[in-house]
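Atoms within a ligand are numbered from 1 in the order they appear, just like the ligands themselves. When a residue number appears, it is its place in the shown sequence, counting from 1. Keep in mind the model is a prediction, meaning the values are calculated, not measured.
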Amino acid sequence: MKRIAVAHGDGIGPEIMDSVIEILQKAQVPLEFVPIEIGEKVYLSGVTSGIAPEAWAVLKDCRVLLKAPITTPQGGGYKSLNVTLRKTLGLFANVRPVRALHPHVPTRHPELDVVIVRENEEDLYAGIEHRQTQEVYQCLKLISRPGCERIVRYAFEYARVNGRKKVSCMTKDNIMKATDGLFHKVFDEVAKGYPDIMTDHWIIDIGTARMADTPGLFDVVVLPNLYGDILSDVVAQIAGSVGLAGSANIGADFAMFEAIHGSAPDIAGKGLANPSGLLQSAVMMLLQLGLTAEPTRIQNAWLKTLEDGCHTRDMARDPQKALSTQQFTQAVVERLGQEPRHFVPVHFGAAEPIRIPAYVRAKTQTKALVGVDVFVEWAEGDANALARMLQTADRADFSLNMITNRGVKVWPQGFDETFCTDHWRCRFLCPEGLHPKGDAVAQLLLRLESAGLECIKTENLYTFDAVPGYSLGQGQ
Ligand code: NAD
């Protein structure tokens, strides 16, 4: 019998996991459930990752995890276990299908039928954050070409295998031209290989607004990590409840299945939780494991339960008539073997595996150092005074070209009205055709230190095949 690691999680986690396991067992799924301990208890026992070494061993053995939501303790020192699991196990694709269950689950969007494919390992979720000055904090947004290619190809292959007609991409590449720009560029490149599938690109803000208003415009949507996280909650909520949607976190060798919602501490232990999101994740898991009869029975029983008006409070029209988690579970169990009459019954076939080609590293481009951005902490005066100090470090290899404060050019020709923090980006450029070695940057830093400036970080400016690999400052 296939062994599945199971984590009961925190908050409403244990209630909804008990519910789902009861339904799976009553549906006689050929699985052995191996419990692992993760989450709040583990954090509070002093394991800052939230997962103990024994649990890793079970995961390595089972390679599939059904996971209830966990609570990340507030405050510093604790890492998000969800992010750790996704990255450590290489779960690069987070697939979140959401469908309206009109008219049995109230929604203003009966036509909603969307699959969010969220990149799961990169972006601002790298968790690389620093306090750099008295006033300024930074979070690094990392986007890689292999990361983009993998998730975009997965989205197109998912669409093809599941008979979906269109793949939309959403980014903010009008502002983040390098990072989001790469995601969009890779989307356009990969799309060329799928002429049978329609495509479009939306700026994330208007894309989210249109999704909340007219979800029928969308089919499969592929997004970088943070936007995907936000958009999938929006989609689940407008479909009826954030408690309805499940997700599959897919990697090459591991898979993790979880509801999209959190541990809902506000309703924990009250018997109010909707187990549907986790149940939908479990159905995705059974299909991924190659089972068809059991997920078909469970899905039809669940649909019949909903159309018979058995709802937990979050999706009920009349909260007075809402069922508890346990009553809802029993309602599903009693309907195992039945088919819905209003909803179209499902008959799952063998899932076609989604294969994406191995990443092929592109030809190495010629990389040349053409300058350096030196970030300094300084709270002594205005940009002109800072420029005078910086220029004492000018030499034949590097000379001051520009100063910005929070990305706004303040020298040369800044505005007196611009509010400045104590965090300054000082751009030094090399003369045309001169490409100094890295030690020249170290020499520049030493000269700046001698001038009494505190350098908090540098970013080398490179061209790649003569194309600048950095954002140009405002006014350039
Ligand atoms: P949440 O999703 O837990 O709750 C948001 C709202 O939705 C609450 O009002 C809650 O009662 C309701 N809700 C959520 N799931 C429900 C369900 N199944 N049935 C009925 N109502 C439901 O989001 P939050 O309050 O922002 O986060 C709470 C905790 O969950 C935090 O510690 C957060 O870090 C964690 N979290 C964990 C995961 C995960 O483990 N995958 C995901 C998101 C948040």
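Judged by a 6.0 Å distance limit and a 45° cone about the ring axis, Arg118 is positioned over the six-membered ring of Tyr125.
Between Phe92 and Tyr154, a ring centre-to-centre spacing shorter than 6.0 Å is recorded. Aromatic rings of Phe187 and Phe156 (six-membered ring for Trp) have centroids within the 6.0 Å cut-off, being under it.
Judged as a ring-ring contact (aromatic ring centres under 6.0 Å, His included), not a single pair has a partner in residues 264-291 (not counting sequence neighbours). Residue pairs satisfying the ring-ring contact (aromatic ring centres under 6.0 Å, His included) criterion with at least one member in residues 200-243, sequence neighbours excluded, are listed as follows: His184-His201, Trp202-Phe218.
Every residue was checked against the side chain to side chain donor-acceptor pair (under 3.5 Å) condition with His130, not counting sequence neighbours, and none meets it.
Ligand 1 lies under 4.0 Å from heavy atoms of Ile12, Lys67, Pro69, Ile70, Thr71, Thr72, Asn82, Val242, Gly243, Glu258, His261, Gly262, Ser263, Ala264, Pro265, Asp266, Ile267, Ala273, Asn274, Asp314.
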